[in-house]
Number of protein chains: 2
Amino acid sequence: MLEARVKQAAVLKKLLDAIKELVTDGNLDCTDEGIALQAMDNSHVALVSLKLVAEQFESYRCDRNMPLGVNLTSLTKILKCAKDQDVVTLKAPDDADSLGLVFESPKEDRVGEYEMKLMDIDQEHLGIPDTQYDATITMSSSEFQRICRDLAALGESVKIEASKEGVRFSSEGEVGNGSVLLKQSAGNDRGGSSSKNKSVKRDPDEDNENDDEDEERDEKPEIDDDEGEDELDDEDRSKKRKSNGKAKPAKKAKKDDSAGTDEIGVSIILEKQVSLTFSLKYLTNFAKSAPLAREVSLHMSNDVPLLVQFDFEQGTLQFFLAPKVSFFFAFLTVKNK
Amino acid sequence: MLEARVKQAAVLKKLLDAIKELVTDGNLDCTDEGIALQAMDNSHVALVSLKLVAEQFESYRCDRNMPLGVNLTSLTKILKCAKDQDVVTLKAPDDADSLGLVFESPKEDRVGEYEMKLMDIDQEHLGIPDTQYDATITMSSSEFQRICRDLAALGESVKIEASKEGVRFSSEGEVGNGSVLLKQSAGNDRGGSSSKNKSVKRDPDEDNENDDEDEERDEKPEIDDDEGEDELDDEDRSKKRKSNGKAKPAKKAKKDDSAGTDEIGVSIILEKQVSLTFSLKYLTNFAKSAPLAREVSLHMSNDVPLLVQFDFEQGTLQFFLAPKVSFFFAFLTVKNK
DNA sequence: CCTGTTCTAT
DNA sequence: ATAGAACAGG
């Protein structure tokens, strides 16, 4: 059986607001590690991957793996019946054909009990390669959302160009053209923009791109001084980012944040310059996850699907989208061979 | 002639927002006691009864009884021309074929004068029995609204079950089932839940139900200790509640409110357990009156129309709705025989 | 955290 | 025109 307790209904609500327009049905894969959902979007262009880790539930118990086929529209409706600060308990017996949800007000004077019918969903479990990306941009999620909204007013697609100076989003359309250039924050220029950060994530055997890395280094020797330290930096940063979901006190997620302020800034970890074009329709949809996390990271390599990732306290939400010249399925399967 | 002065246009606006969707036309029955409106809803399923008492107007004068047939949609339009704190004066000569409305800004630097055409409406004046109910639930009007909205997302109808532990609203539908249990507030458990409260409202000659009352008493002797006191309690409480409309300072309407806080809590006065099913479409409509009053009271007896009542400073707004097994008209006429 | 307001989408 | 969602303020 499954019994998972979530402190704040708000998290689940935001999650569903974030993905319900992209995916209408999906399996909640419940294991002892947590709850995951992975699904192609309705038009099979984008991939959504959600992970809620068991440790971050208030309590979590899952005796055996079970995929719970849920209609996300229905689940959204039911979650609307919870107040933001209600404690949510998800319950499903082993042979469940329905998912139980209990919403308890903090004062415990109000209990909502709901039961949602489940459905059988044939799950093509998609292998997502743990790719290394040529460029990783970390920025304010709300700024990302704003840019997508703004540019969507102009055109259908956006070109994202990442260089070490910054990242440029540009779009063209009937009424005109537009572009937004975000400069890398000063502080991040030190910690980011160079090659060492990524080496943390990179598999040691992927050496083919190291030449590029060196090239990049040569171009900016002045920012490579504290390389050894940065490896630690990066690990540290990602930890903090994770615990940073919507918690206000943990504002200085990056210790190397430019100003001592709570501003997020833009950090670019660049292996090599990339320039990719994506459908704004999808990006704006991804950007709806902004309420979940202060930061978003965009992971890009040329001719490879974009990864848009939101790390929040309870887990991670990832969106994959093929560039307009689509290698998406090739990309997805390449890793499994 | 009629000349009635209302301190705050906001009250009238909220009133019309509350009922205009249910009733499009109706007679404003003006007497020296105040202004009343009573009408079946458009589909003749629910009954709306509004009373504005003369004493609660800033000034009130009505020389002779006159029914003013108004189209509530038109009245709503005209009231939109008033600011919330404008002083409203309703004027109608004895032979009126139109109703005059004057909106004066508090600073008296702005005067709006409007005239609305009246219509002749054949008024079947419906006798509403002053029934005693088996269960009376008092709760936050906004919570009531919330619950109706939530459950309306699941199903067409709601079952309301009142017991001394609390009240349960439940609904079933395609996507699943849901229920909300509100526990009676601790403090209210003392004042409520027993039989004596209703004796305040009951006509002395209605003795047919007293047997039931005694039976109920025998079943729960432990809560009958402070009976004599409670009669006073109830009178006191209803007075306070009435003066409580939307006035923020008068928060502790119930002196026996559980916490000393400004929370409303749930109070249940139970003669015997009831379980009734109602159309959520109508309840959500009734719940639109929430802005008028912090509290709403639900009065129920088995197989008898529900009374949903909002008491506000200037008067009372009542809604009657037959349970899904409809004895409504039988109920309405039974008292007139 | 709730209320009131505004905007948008239907 | 209305109702829901997002936002700001208290």
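We name chains A, B, ... by the order of the sequence lines, and we start the count at 1 in each one.
Candidate nucleotides D:dG4, D:dA5, D:dA3 were compared by shortest atom distance to the side chain of B:Arg149, and D:dG4 ranks first. Closest approach to the B:Lys20 side chain among D:dT2, D:dG4, C:dC1 is made by D:dT2 (side chain taken as heavy atoms from C-beta onward). Each of C:dC1, D:dA5, C:dT3 was ranked by its minimum atom distance to the side chain of B:Ser142; first place goes to C:dT3. Of the listed nucleotides (D:dA3, D:dA5, C:dC2), C:dC2 has the atom at the smallest distance from the side chain of A:Gln85.
Classification of the A:Phe169-A:Phe144 ring pair by plane angle, with boundaries at 30° and 60°, yields tilted. Between A:Phe286 and A:Phe319, the two ring planes are parallel [angle under 30°; tilted spans 30° to 60°].
OP1 and OP2 of D:dA1 both lie 4.0 Å or more from every side-chain N or O belonging to B:Lys77.
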Let me see the working for B:Lys281 and B:Glu156 under salt bridge (charged side-chain N to carboxylate O under 4.0 Å, His left out), right down to the final yes or no.
CA-CA 7 Å; B:Lys281 175 166 161 266; B:Glu156 302 269 290; over 6 Å; no
Going through the distances and angles, do A:Arg5 and A:Glu104 end up as a salt bridge (charged side-chain N to carboxylate O under 4.0 Å, His left out)?
CA-CA 11 Å; A:Arg5 211 172 156 80; A:Glu104 292 165 285; 3.3 Å; yes
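Residue contacts for A:Lys288: at a heavy-atom cut-off of 4.0 Å it reaches no nucleic acid atom on any strand shown.
When rounded to the nearest whole Å, the span between CG of A:Asp17 and P of C:dT8 equals 18 Å. Residue B:Asp150 contributes atom CG, which lies 11 Å from atom P of D:dA5 at whole-angstrom precision. As a whole-Å value, the separation of B:Gln145 CD from C:dG4 P is 11 Å. When the P atom of C:dC2 is taken as reference, atom CD1 of B:Ile264 falls 12 Å away, rounded to whole Å. We find that NZ of A:Lys7 is positioned 15 Å from P of C:dC1, with the value rounded to whole Å. Per the geometry, NZ belonging to B:Lys83 stands 19 Å off P belonging to C:dG4, to the nearest Å. Atom CG of A:Asp84 and atom P of D:dA6 are 11 Å apart (whole Å). A:Lys14 has its NZ atom 14 Å from the C1' atom of D:dC7, to the nearest Å.
A distance-only check finds a donor-acceptor pair linking the side chain of A:Ser141 to the backbone of A:Ala293 [under 3.5 Å].
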